[in-house]
Number of protein chains: 2
Amino acid sequence: MTDPSTIVTVLDRAGFRLTEPRRVVAGLIADRNGHFTAADLVDDARERRLDVGRATIFRALELFTELNAVERVDLPNGEHAYVECEPVHHHHVICSQCARTTEVEACGMPAVARDVGKATGFKIQSHRLELFGICPDCQATNSRRG
Amino acid sequence: MTDPSTIVTVLDRAGFRLTEPRRVVAGLIADRNGHFTAADLVDDARERRLDVGRATIFRALELFTELNAVERVDLPNGEHAYVECEPVHHHHVICSQCARTTEVEACGMPAVARDVGKATGFKIQSHRLELFGICPDCQATNSRRG
DNA sequence: TATCAAGTGAGACTGGGTATCGTCAACAGT
DNA sequence: ACTGTTGACGATACCCAGTCTCACTTGATA
Ligand SMILES: [Zn+2]
Ligand SMILES: [Zn+2]
Ligand SMILES: [Zn+2]
Ligand SMILES: [Zn+2]
């Protein structure tokens, strides 16, 4: 879907080794769209006969997350999933039907955070916002099917 | 901290049995402040020599969550924690130092959700917002300690 | 107080995630 | 290019949250 080299570039810039397993994981992620779990990547790898150790996949995801090349999202059902994304502050809109995600800036948020800080006396440090809904494609499909 | 009878009342109203283990779990929750995990309750119970099965604690949490007497929050580190709370739509401000939580209405959210829907074409169904920061008490303690 | 479905708990099981440790290979320095 | 250092790998054992099973207990109701 996207270009695996973007993650690889991020790795390189940050001074990490460009190992074969990391390239493979970056490739698997690039070929996905929407969110995915570590287990999904393990399956993908096995299907394609790319042998990457399970532990390595977890380690790669952890690293990519630290480098802001992917981000973890907590699905409503409690699953820990990941999405590839841009290294700037943003939020995700997640299709609860096909898992596709879109990034949004949700510019209204800083104001909300400020108000909440004022109302509660908390010094707000960070916030997490995830929006769930039906993406345009799925809406179209659904209405076509009746 | 709070009154265990509030959860018990909710249980009763919903037509569930008021069993001893459920009262115990409700009590453990009431005695906590801030968020807690299922494991925390298991430990609490053991310390106080209240014997409640582990499975029962999980089941009680699940039930209380369905009844909106507690709510699950996903901490930034990936842990699944719970907080006792009111059965109306709201969000949580969580102290990253002492785990205390406060509920807020965050009235700005519907507008944000609407904007995001308009910008992305998604039909927004639900959203999750969690704010993390330092509570007034901890701020005071921190500045006192220098 | 008798009835019986709802609820419980010991323990087995699953699955996500981590720790260990011997081996390997990316990269810097020559 | 050759080599040494060391970061990374991967097989495997392990840990822990959460679920399932099933024989047993208990709360509500008459
Ligand atoms: Zn993102
Ligand atoms: Zn969709
Ligand atoms: Zn709540
Ligand atoms: Zn605090």
Side-chain angles (χ1 to χ4, degrees), chain A residues 5 7-28 35-46 48-67 69-82, chain B residues 4-5 7-29 35-46 48-67 69-82:
Chain A
S5 70
I7 292 184
V8 173
T9 305
V10 171
L11 263 182
D12 197 20
R13 286 235 185 83
F16 288 91
R17 288 191 183 170
L18 267 35
T19 69
E20 191 50 30
R22 282 175 182 165
R23 288 175 200 277
V24 169
V25 176
L28 294 176
H35 56 71
F36 55 87
T37 63
D40 289 334
L41 297 189
V42 173
D43 292 347
D44 289 357
R46 215 198 27 245
R48 304 197 200 171
R49 304 279 183 299
L50 301 169
D51 61 342
V52 190
R54 207 172 74 99
T56 300
I57 290 181
F58 278 94
R59 282 189 286 237
L61 280 172
E62 187 185 357
L63 179 58
F64 296 172
T65 302
E66 260 156 34
L67 298 177
V70 305
E71 190 174 323
R72 228 194 49 221
V73 295
D74 294 306
L75 269 22
N77 65 18
E79 266 194 341
H80 292 164
Y82 296 83
Chain B
S5 69
I7 292 184
V8 174
T9 304
V10 172
L11 264 181
D12 197 20
R13 285 236 185 81
F16 289 90
R17 287 194 185 168
L18 270 31
T19 68
E20 191 51 29
R22 282 174 182 166
R23 288 176 199 278
V24 169
V25 175
L28 294 176
I29 293 174
H35 55 71
F36 55 88
T37 63
D40 289 333
L41 297 190
V42 173
D43 293 346
D44 289 357
R46 217 199 23 246
R48 304 198 200 170
R49 305 279 184 301
L50 300 167
D51 62 342
V52 189
R54 211 171 71 97
T56 300
I57 290 181
F58 278 93
R59 284 190 284 236
L61 280 172
E62 188 185 357
L63 178 57
F64 297 172
T65 302
E66 259 157 33
L67 297 177
V70 305
E71 190 173 322
R72 225 193 53 219
V73 296
D74 294 306
L75 269 22
N77 64 18
E79 267 194 341
H80 292 165
Y82 296 84

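Below, read A as the first sequence line, B as the second, and so on, with proteins coming before strands; counting in each chain starts at 1.
Taking every side-chain heavy atom of B:R22 into account, C:dT8 is the closest of C:dA6, C:dA26, C:dT8.
A donor-acceptor contact shorter than 3.5 Å is absent between the side chain of A:R54 and the backbone of A:V42.
Among all heavy-atom pairs drawn from A:I57 and A:A38, the shortest one is CG2-O, 4.2 Å. Listed here is the closest heavy atom pair of B:N77 and B:E79: OD1-N, 2.8 Å.
Between A:H80 and B:H80, the ring-plane angle classifies as perpendicular under the 30° and 60° cut-offs.
The side chain of B:T19 places an N or O atom within less than 4.0 Å of a non-bridging phosphate oxygen (OP1 or OP2) of C:dT8.
For the pair B:I57 CD1 and D:dC20 C1', the computed distance is 17 Å after rounding to whole Å. When rounded to the nearest whole Å, the span between CZ of A:R23 and C1' of C:dC27 equals 12 Å. When the C1' atom of D:dG7 is taken as reference, atom CG of A:L18 falls 13 Å away, rounded to whole Å. Taking atom CG on B:N77 and atom P on D:dA17, their separation rounds to 12 Å, with Å as the unit. Whole-Å rounding puts the B:E79 CD to D:dA17 P distance at 8 Å. For B:R46 and C:dG9, the CZ to C1' distance is 16 Å, given to the nearest whole Å. Following rounding to the nearest Å, B:D40 (CG) and D:dG18 (C1') show an atom-to-atom distance of 15 Å. Taking atom CG on A:D12 and atom C1' on D:dG7, their separation rounds to 15 Å, with Å as the unit.
Looking at heavy atoms from C-beta onward, A:T56 lies out of side-chain contact with A:V24 at the 4.5 angstrom threshold. Using a 4.5 Å heavy-atom cutoff, the side chains of B:L61 and B:L41 are in contact. Using a 4.5 Å heavy-atom threshold, the side chains of B:F64 and B:V25 count as touching. Here the side chains of B:F16 and B:L67 are in contact, with some heavy-atom distance below 4.5 Å.
For A:T37 and A:D40, the side-chain atoms include at least one donor-acceptor pair closer than 3.5 Å.
Side chain B:R17 to base D:dT29: no donor-acceptor pair is found below 3.5 Å.
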Polar atom pairs between nucleotides 10-20 of chain C and protein, under 3.5 Å, N or O only, would you list them?
| from | atom 1 | to | atom 2 | distance (Å) |
| --- | --- | --- | --- | --- |
| C:dG17 | OP1 | A:H80 | ND1 | 3.0 |
| C:dG17 | N7 | A:R54 | NH1 | 3.3 |
| C:dG17 | N7 | A:R54 | NH2 | 2.6 |
| C:dG17 | O6 | A:R54 | NH2 | 2.7 |

A correct dot-bracket answer for DNA chain C, with pairs being Watson-Crick or G-U at under 3.5 Å, [ ] for crossing pairs and | for inter-strand pairs, is ||||||||||||||||||||||||||||||
